[in-house]
2 protein chains.
Amino acid sequence: MIMKKQQRADISAPNGVPGRHDLRQACRAAGLKVTHQREIIFSEIVNTTDHPSAEMLFERVREKIPSVSRDTVYRTLSMLEDAGFVSRLTLRGATRFDGDVSAHHHFFCTQCGAVYDFDWREFDSLALPETAKACGDVASSRVVLEGICRCCAESEDNGAGNA
Amino acid sequence: MIMKKQQRADISAPNGVPGRHDLRQACRAAGLKVTHQREIIFSEIVNTTDHPSAEMLFERVREKIPSVSRDTVYRTLSMLEDAGFVSRLTLRGATRFDGDVSAHHHFFCTQCGAVYDFDWREFDSLALPETAKACGDVASSRVVLEGICRCCAESEDNGAGNA
DNA sequence: ATTCGTGCAAATCATTTGCATCGTG
DNA sequence: CACGATGCAAATGATTTGCACGAAT
């Protein structure tokens, strides 16, 4: 009821960030057309680490292609997600996109809404407890941290801050 | 910008589930009125472990108080959250409520949308990695598991299932 | 009696969808 | 050329808000 098909098209970027070429070839393989807007939207997500919302991406893409419509951004994001090129995350109700689809975890700043990625090998190699296995077949395991990010903490130090 | 004040009224239920009495006394302490709808809504969340959505709660409360309005449910949920009596979680974009505010983790079934609680002491006592500390001041640390729950897996075993 | 909470209806916000047109393969 | 993609506008779904009345302290 709330699910999404998750059959990632095989990206040949073993080391990290998939580039524009990967988009082209993967779209072709999937029978999807490579349009200007798709390329821009994709590069916009991949070339940032700030986990933008659909609206933020719409604004950014609009600077490059003033005529894009919001729908195209939404539609493209969904197609990129289905293709396994980007991932969607919802923290505290806010939907954000992440161009990094590799396994990693998130820190969410409850003050400014910023999202930061972080790795945690020790966690990744930890065995799940019985209590968790009892729930069902686990496909993914992620950690979500919440707190006040460095930026916010620092701006509070300097006087009243932006609280 | 996306935050919520989080000053939990002090609940005197050291061992677990806060009962109706706690609601009464805590509301009073906070200068809030104890209405019939609030009591019903609260007991509805506390006496279930299925992490209902606002809409589901609305339906359930409606069986007891046919005249409740959806808004009252929404408003009450927000007030209960602000008071620290229930917690709100968003998994894959769906907002759910949890009457258990103690520290625990969640398993989300990507097939049926069910949410299960589980404890993980080993994780709780693990020290955060430097990569995480670098992000900021961590206030909460939760694990989110996604996969296929037991129920779904079993119903698939028996023929076509409900996929 | 006061003041807060409720129900109602309308407003808002994010996201989705139908459709005619446009661009890519 | 043909079919998928785009832009537009309208639809939808979830949640919020303004307001007058009703209930709790």
Side-chain angles (χ1 to χ4, degrees), chain A residues 1-4 9 20 23-42 51-59 61-62 64-83 85-86 88-97 113, chain B residues 1-4 9 20 23-42 51-59 61-62 64-83 85-86 88-97 113:
Chain A
M1 21 160 70
I2 319 176
M3 14 306 348
K4 280 274 172 190
R20 260 137 281 189
L23 208 228
R24 300 190 76 84
Q25 80 181 51
C27 278
R28 292 217 184 102
L32 299 166
K33 287 177 180 173
V34 180
T35 62
H36 186 207
Q37 19 278 83
R38 286 183 175 177
E39 291 195 296
I40 299 296
I41 295 171
F42 179 63
H51 308 78
S53 63
E55 185 65 26
M56 290 160 83
L57 280 165
F58 169 57
E59 293 301 343
V61 171
R62 185 139 73 155
K64 306 261 177 76
I65 311 175
S67 62
V68 261
S69 72
R70 211 183 306 264
D71 334 278
T72 297
V73 174
Y74 276 99
R75 267 188 290 232
T76 301
L77 287 172
S78 291
M79 97 76 166
L80 288 173
E81 183 192 10
D82 289 346
F85 284 133
V86 308
R88 181 191 305 252
L89 46 145
T90 0
L91 285 317
R92 293 260 188 138
T95 300
R96 307 298 210 79
F97 293 87
Chain B
M1 22 162 70
I2 320 176
M3 18 294 0
K4 280 277 173 188
R20 261 135 279 188
L23 209 228
R24 300 189 75 86
Q25 80 181 50
C27 278
R28 294 221 180 99
L32 299 166
K33 288 176 179 172
V34 180
T35 62
H36 185 206
Q37 20 278 81
R38 285 183 175 176
E39 292 195 296
I40 299 296
I41 294 172
F42 179 64
H51 308 79
S53 63
E55 185 66 25
M56 289 161 82
L57 280 165
F58 170 58
E59 293 301 343
V61 171
R62 184 138 73 154
K64 305 262 178 78
I65 310 176
S67 63
V68 262
S69 72
R70 210 183 307 266
D71 333 279
T72 296
V73 174
Y74 275 100
R75 267 188 289 233
T76 301
L77 287 172
S78 291
M79 99 75 168
L80 289 173
E81 183 190 12
D82 290 346
F85 284 132
V86 307
R88 182 191 304 251
L89 45 146
T90 1
L91 284 317
R92 294 260 187 136
T95 300
R96 307 297 212 79
F97 292 87

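Every value quoted in this text rests on a predicted model; they were computed, and no experiment measured them. Protein chains get the first letters and strands the later ones, always in sequence-line order, with residue 1 at the start of each.
Summarising the geometry of Phe58(A) relative to Val68(A), their closest heavy-atom pair is CE1-O, 3.6 Å, with the distance given to 0.1 Å. In terms of heavy-atom proximity, Thr95(A) sits nearest to Arg88(A) at CG2-CG, 3.6 Å. The minimum heavy-atom distance between Phe85(B) and Ala26(B), with the atom names listed, is CZ-CB, 3.0 Å. The heavy-atom pair separating His51(A) from Leu89(A) by the smallest distance is CD2-CD2, 4.4 Å.
Remark: the backbone N or O of Lys33(B) is paired with a side-chain donor or acceptor of Arg38(B) at under 3.5 angstrom.
One can place CD1 of Ile65(A) at 13 Å from P of dC8(D), the figure rounded to the nearest angstrom. Rounded to an integer number of Å, the gap from CE of Met56(A) to P of dC13(C) is 17 Å. In this structure, the CG atom of Asp82(B) is 11 Å from the P atom of dT16(D), given to the nearest Å. Look at CD1 on Ile41(A): it is 12 Å from P on dA5(D), rounded to the nearest Å. In this structure, Gln25(B) places its CD atom 14 Å from P of dT25(D), rounding to the nearest Å. Atom C1' of nucleotide dA5(D) and atom CG of Leu80(A) are separated by 13 Å, given to the nearest angstrom. In this structure, Leu89(A) places its CG atom 16 Å from C1' of dA14(C), rounding to the nearest Å.
Using a 4.5 Å cut-off on side-chain heavy atoms (C-beta onward), Cys27(B) and Met79(B) make contact. Within the 4.5 Å cutoff, side-chain heavy atoms of Arg70(B) are placed close to those of Glu55(B). Between Ile65(B) and Ile41(B), every side-chain heavy-atom pair lies at or beyond the 4.5 Å cut-off.
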I'd like a list of close polar pairs between nucleotides 22-25 of chain C and the protein, N/O only, cut-off under 3.5 Å.
residue : atom : partner  : partner atom : Å
dG23(C) : N2   : Lys33(A) : NZ           : 2.5
dT24(C) : O2   : Lys33(A) : NZ           : 3.2
dG25(C) : OP1  : Val34(A) : N            : 3.4

Identify all pairs in which a protein N or O lies below 3.5 Å from an N or O of nucleotides 11-15 of chain D, and state each distance.
residue : atom : partner  : partner atom : Å
dT15(D) : OP2  : Tyr74(B) : OH           : 2.4

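Between atom CD of residue Gln37(B) and atom CZ of residue Arg75(B) there is a gap of 11.0 Å, rounded to the nearest 0.5 Å. Atom-to-atom distance recorded for His36(A):NE2 and Lys64(A):NZ is 8.5 Å, nearest 0.5 angstrom. Interatomic distance, Leu57(B) CG to Phe97(B) CZ, rounded to the nearest 0.5 Å: 7.5 Å. Note that the CG atom of Leu32(B) and the OG1 atom of Thr76(B) stand 10.5 Å from one another [nearest 0.5 Å].
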#### Entry: Paired and unpaired positions of DNA chain C as dot-bracket, Watson-Crick or G-U wobble under 3.5 Å, | denoting a partner strand
|||||||||||||||||||||||||
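Across all strands shown, Arg38(B) has heavy atoms under 4.0 Å from sugar-phosphate atoms exclusively, and none from any base. Residue-level contact check: Ser67(A) touches the backbone only, with heavy atoms under 4.0 Å from sugar-phosphate atoms and none from bases.
In this model, no side-chain donor or acceptor of Arg75(A) finds a partner on the base of dG4(D) within 3.5 Å.
Here Gln37(B) does not reach the OP1 or OP2 of dA23(D): none of its side-chain N or O atoms lies under 4.0 Å away. Contact annotation: Ser69(A) does not reach the phosphate of dT6(D) (side-chain N/O to OP1 or OP2, under 4.0 Å).
Comparing dT6(D), dT16(C), dG7(C) by their closest approach to the side chain of Asp71(B) singles out dG7(C).
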